Visitor: 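Structure in structure tokens, see below.
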Amino acid sequence: MQENLSRLTGDILNYLHFLKDEGVRSLPCAAGGGRDWPAPGGPGRSRAPTRAADAACPKPRPAPRAASAQDSSNALLEIAGRVAACERCALHKTRTRTVPGQGHPAPDILFVGEGPGEDEDLQGLAFVGEAGKLLTRMIEAMGYGREEVFIANIVKCRPPHNRKPEPGESAQCLPFLEEQISALKPRVIVTLGGTALEALLKVSGITRARGQWLEYKGIPVMPTFHPSYLLRVPTAKRDVWNDLQAVLGRLGRAVPTPANK
Ligand code: URA
């Protein structure tokens with residue numbers, strides 16, 4: 001009996017290690033057998049209160065996409081390597097560092113901006129300056145952390161003096177973003193500002209397009225204003241928040257409120 005029990009325990013531990021290696025980070029806490037587990041006190045006493053167990057059990061998250069997350073990480077690293085060596089356009093001559101983009105390799109949401117500014121050029125990371133701080137607050141208001149989404153740009157090198165990327169520069173750089181999108185397989189793409197919308201979807205006029213669902217290769221795209229624009233025109237934050245709530249709706253996620261945060 002004792003021997004069987006320790007073999008069973010060993011098997012369960014091995015299985016849990018296997019699941020962990022596969023990227024599984026949580027298990028349903030009230031599923032199947034757990035629900036029928038006898039209540040403390042033995043047979044004849046009432047069973048564990050299922051409602052209470054359900055209440056204590058966190059809401060199910062989407063199944064982890066472990067295998068594809070690993071493949072995606074590898075692909076993203078490989079793309080970043082090619083970005084670092086890229087000399088396709090003149091922007092490489094004035095860059096300090098390339099900014100391939102960063103975040104979760106299998107995210108719900110991919111945010112796409114225009115191109116790196118000074119802070120991003122120095123750090124090699126997307127959206128880390130003032131506009132980036134606002135983007136972080138937008139992401140957190142949606143109930144995500146920055147590390148749970150992916151943040152990228154149309155061009156991976158800083159245009160001098162923060163000018164807009166020229167159409168030729170965007171066109172040369174776009175294949176990198178397209179490759180990133182096919183690795184990431186985001187559930188939704190949010191384009192930030194007119195340049196991202198125009199380069200990715202060939203749609204011009206952010207003011208008219210924002211808030212309307214579009215599509216990129218079968219992936220829903222929500223165009224919204226760029227955080228830099230919001231720093232200049234804070235009253236536009238209301239429109240952007242509406243757009244981000246539509247994104248949450250599309251993902252089947254509740255809009256965080258102080259009560260459910
Ligand atoms: N603006 C962008 O479009 N991208 C960044 O990474 C930073 C500012």
Side-chain angles (χ1 to χ4, degrees), residues 76 79-80 83-84 86 89 91-92 94-105 107 109-142 144-181 184 186 188-207 209-210 216 221-234 236-237 239-240 243-244 247:
L76 293 168
I79 296 164
V83 167
C86 179
C89 78
L91 294 183
H92 81 273
T94 48
R95 75 185 174 213
T96 311
R97 301 178 65 166
T98 51
V99 182
Q102 74 279 347
H104 198 284
I109 311 172
L110 164 65
F111 289 89
V112 180
E114 179 176 298
E118 186 178 12
D119 295 299
E120 290 78 18
D121 175 68
L122 291 173
Q123 296 184 43
L125 294 169
F127 279 97
V128 287
E130 282 312 303
K133 286 183 197 149
L134 178 53
L135 178 60
T136 303
R137 294 203 294 279
M138 287 157 53
I139 292 166
E140 288 173 353
M142 297 174 80
Y144 286 88
R146 258 180 87 109
E147 70 293 344
E148 292 179 285
V149 302
F150 200 91
I151 305 172
N153 282 304
I154 296 295
V155 295
K156 314 299 192 196
C157 297
R158 181 192 182 197
H161 312 296
N162 296 348
R163 65 160 169 75
K164 278 190 187 306
E166 286 169 6
E169 293 161 349
S170 295
Q172 293 287 347
C173 215
L174 190 64
F176 289 128
L177 179 64
E178 291 177 324
E179 285 187 63
Q180 288 176 313
I181 295 172
L184 293 162
V188 170
I189 297 172
V190 176
T191 55
L192 302 166
T195 304
L197 174 66
E198 187 147 5
L200 189 64
L201 293 180
K202 321 299 172 214
V203 170
S204 54
I206 180 64
T207 309
R210 74 135 273 282
Y216 171 84
V221 177
M222 173 54 72
T224 197
F225 291 134
H226 193 286
S228 300
Y229 175 71
L230 299 183
L231 291 174
R232 296 194 304 274
V233 185
K237 285 181 185 170
D239 285 336
V240 171
D243 302 344
L244 298 181
V247 170

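Both counts, for ligands and for their atoms, begin at 1 and track the order of listing. Remember, predicted model here, so these are calculated numbers, not experimental data. What's counted below: heavy atoms across the whole structure, side chains too, no hydrogens, waters or symmetry copies.
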Visitor: State whether the side chain of Gln172 and the backbone N or O of Glu169 hold a donor-acceptor pair below 3.5 Å, judged by distance alone.
Guide: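 Between the backbone of Glu169 and the side chain of Gln172 there is no qualifying donor-acceptor contact (under 3.5 Å).
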Visitor: State, with a plain yes or no, whether a side-chain heavy atom of Tyr144 is found less than 4.5 Å away from one of Pro107.
Guide: no
Visitor: Using a threshold of 4.0 angstrom between heavy atoms of the protein and any atom of ligand 1, which residues qualify?
Guide: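 Residue list for ligand 1: Gly113, Glu114, Gly115, Glu120, Ala126, Phe127, Asn153, His226.
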Visitor: Check this for me: does any side-chain nitrogen of one of Glu140 and Arg137 sit under 4.0 Å from a carboxylate oxygen of the other?
Guide: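 Result for this pair is no, no salt bridge flagged.
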Visitor: Looking at side-chain heavy atoms only, is the closest gap between Cys157 and Asp121 below 4.5 Å?
Guide: no
Visitor: For residues 189-207, please give each side-chain donor-acceptor pair under 3.5 Å, one per line with the distance, not counting sequence neighbours.
Guide:
residue: Thr195; atom: OG1; partner: Glu114; partner atom: OE1; Å: 2.9
residue: Lys202; atom: NZ; partner: Ala199; partner atom: O; Å: 2.6

Visitor: Would you indicate whether the side-chain heavy atoms of Gln102 and Arg146 approach each other to under 4.5 Å?
Guide: yes
